[in-house]
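So that the names make sense, note that chain A is the first sequence line, chain B the second, and so on, each numbered from 1.
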2 protein chains.
Amino acid sequence: MSKGEETRAAILDAALAQASTAGFESLTIGTLAERTGLSKSGLFAHFGSREELQVAAVEAAAARFTETVFLPALKARRGLPRIRALFEGWLDWTERNGLAGCPMQAAAVEFDDRPGQVRDAVLAHYKRLEQELGRAVELAIGQGHLRADLDVEQFVFDMLGVIFAYYHSARLFRREEAVARARKAFERLIAAAAPAA
Amino acid sequence: MSKGEETRAAILDAALAQASTAGFESLTIGTLAERTGLSKSGLFAHFGSREELQVAAVEAAAARFTETVFLPALKARRGLPRIRALFEGWLDWTERNGLAGCPMQAAAVEFDDRPGQVRDAVLAHYKRLEQELGRAVELAIGQGHLRADLDVEQFVFDMLGVIFAYYHSARLFRREEAVARARKAFERLIAAAAPAA
DNA sequence: TGACAAAGCGCACGATCGTTCGTATCGTTA
DNA sequence: TAACGATACGAACGATCGTGCGCTTTGTCA
């Protein structure tokens, strides 16, 4: 990794930490420069514009998510075990990356009504996320772990809901029982999608 | 309503519109002054600080939510009908108020890791929301519409998840079928909570 | 090791930020 | 209508915003 790439990675590290606690709108060149020990202009040169910086931060978050959630889940057996691995990884991927809230959700909420490159990047991430999740569900159906007539998109929709409710309960309310509630909701989802006995 | 109260209400109208599309961090004195035709200092005098303005905007959103969702739902018969009314009102309360996204969710995500008055106000709203929702569920249990041994808090958790997944699907993905997905998920929740036949 | 490109800094710019203050105009009530 | 408080404005402040430019330092490779 060249010097430039190294610095760029360090900047994005700081950017993710910042965005996860205070949102992407709080990502300013000045504060980020101070946080990384760079000069404003030096930092700026790595991205060319603030919007590019925000896009890069979203993409960095997506990359982290892939490393922390997707790739490890591939080691689980296909079918239900893999879906469970995805779910569990999803619950704590932010902590495991030293982040506060989920930067992806923050970006989604902040930019869902603001057209531009950032919104496009967020959309791309969630599109891919739903695809991968859908594929995992279909594999589970193929394995006979889930009902053959299961509404896959609905299952993905429901699973996203559980995650969002978890983030809400854990971050805003700081509830300890959030994980337990999320797991219970998830298991009920799985049970409802189980093949007829 | 005195002149001052009138102006203040107009400012908060504009603030909610702004916050619902671009987030609370985008609420600046300058843009809001231009939007309302006031001078910066004239607008500022109504709140005393930017943070107070943000708090007032959160409380205005909560008031709108009460008017648009809570109060109408009280007209429905207690029990399941009222819970359904709450759910349906919740789905479209932002549209009915001419807003883009849900300002309350935006505030929750933006401030969940930032201590201060704004976070406190958001927390108070969601606390009350959960209380009211929980009471409605208990009434439904009393009416025999839902299982007596239902985990009320879990039901509220699950319902919140459905709403968040709906917002995500509708606002970020702009999916037409988001409402249908949300209703399906909600009905499954109700079915799982139904009394043993 | 010398040369060339990559990386970073310092300084400056116009704009906007939140906030303060003195002054003018308005609304309300006696 | 006179008077007085409520409401709004204009101008200014120091700070910070994103961005551009020229220069120096550093890393990299022939």
Side-chain angles (χ1 to χ4, degrees), chain A residues 1-19 21-60 106-107 110-111 114-119 121, chain B residues 1-19 21-60 106-107 110-111 114-119 121:
Chain A
M1 188 154 60
S2 77
K3 182 75 196 315
E5 288 169 335
E6 222 166 84
T7 307
R8 192 185 149 101
I11 295 172
L12 291 178
D13 263 14
L16 281 189
Q18 167 94 12
T21 67
F24 278 76
E25 199 55 42
S26 84
L27 281 187
T28 78
I29 310 281
T31 60
L32 218 46
E34 196 169 4
R35 208 187 250 258
T36 52
L38 287 173
S39 67
K40 272 177 43 170
S41 52
L43 187 145
F44 183 82
H46 281 273
F47 302 95
S49 78
R50 184 165 102 107
E51 192 176 15
E52 294 280 0
L53 163 65
Q54 289 174 322
V55 170
V58 168
E59 283 167 354
E110 279 188 67
F111 290 93
R114 263 192 288 181
Q117 302 177 50
V118 183
R119 192 189 123 89
Chain B
M1 188 155 62
S2 76
K3 182 75 198 312
E5 287 169 336
E6 222 165 85
T7 307
R8 194 185 148 101
I11 295 172
L12 291 176
D13 261 15
L16 281 189
Q18 168 93 13
T21 65
F24 277 76
E25 200 55 42
S26 83
L27 280 187
T28 79
I29 310 281
T31 60
L32 217 46
E34 195 169 5
R35 208 186 250 258
T36 53
L38 287 171
S39 67
K40 272 178 39 170
S41 53
L43 187 146
F44 182 84
H46 281 273
F47 303 95
S49 78
R50 183 165 103 108
E51 193 177 15
E52 293 280 0
L53 163 66
Q54 289 175 322
V55 170
V58 168
E59 284 167 354
E110 278 189 68
F111 290 92
R114 261 191 290 181
Q117 302 178 49
V118 183
R119 193 189 122 89

Restricting to non-hydrogen atoms, name the atom on [X] and the atom on [Y] that form the minimum distance, rounded to 0.1 Å.
X	Y	value
Ser26(A)	Thr31(A)	O-OG1, 4.1 Å
Leu27(B)	Ala57(B)	CD1-CB, 4.2 Å
Ala107(B)	Val58(B)	CB-CG2, 4.3 Å

| message | Taking CD in Glu51(B) as the centre, count heavy atoms belonging to other residues, nucleotides or ligands within less than 6.0 Å. Is the count above 12? | response |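 Above 12, so yes.
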| request: Kindly indicate whether the side chain of Gln117(A), heavy atoms from C-beta on, has any atom under 4.5 Å from the side chain of Gln54(A). | output: no
| With side chains defined as the heavy atoms from C-beta onward, is the minimum distance between Phe47(A) and Val55(A) less than 4.5 Å? | no
Would you say the side-chain atoms of [X] pair up with the backbone N or O of [Y], donor to acceptor, closer than 3.5 Å?
X	Y	result
Glu110(A)	Phe24(A)	yes
Gln18(B)	Leu32(B)	no
Glu52(A)	Ser49(A)	no

Please give, in whole Å, the distance from [N] [atom2] to [X] [atom1]?
X	N	atom1	atom2	result
Leu38(A)	dT26(D)	CG	C1'	14 Å
Glu5(A)	dG27(D)	CD	C1'	13 Å
Lys40(B)	dT19(C)	NZ	P	10 Å
Arg50(A)	dA15(C)	CZ	C1'	14 Å

| message | Could you work out, with salt bridge (charged side-chain N to carboxylate O under 4.0 Å, His left out) as the rule, every residue matching Arg35(A), not counting sequence neighbours? | response |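 For Arg35(A), no residue satisfies salt bridge (charged side-chain N to carboxylate O under 4.0 Å, His left out) once neighbours in sequence are set aside.
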Mind running a 4.0 Å heavy-atom check of [range] against DNA chain C and sending the residues that fall below it, in number order?
range	answer
residues 41-49 of chain B	Ser41(B), Phe44(B), Ser49(B)
residues 6-19 of chain A	Thr7(A)
residues 24-35 of chain B	Leu27(B), Thr28(B), Ile29(B), Gly30(B), Thr31(B)

Give the table of side-chain donor-acceptor pairs shorter than 3.5 Å for residues 6-13 of chain B, with sequence neighbours excluded, one pair per line with atom names and distance.
from	atom 1	to	atom 2	distance (Å)
Thr7(B)	OG1	Lys3(B)	O	3.0
Arg8(B)	NH1	His46(B)	O	3.4
Asp13(B)	OD1	Arg64(B)	NH2	2.3

| query | Going from OG on Ser39(B) to CG on Leu43(B), what distance comes out if it is rounded to the nearest 0.5 angstrom? | reply |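 Here the rounded value is 8.0 Å.
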| query | If the sugar-phosphate is the primed atoms plus P, OP1 and OP2 and the base is the rest, what is the B/S/- string for nucleotides 22-30 of chain C, using protein heavy atoms under 4.0 Å? | reply | ---------
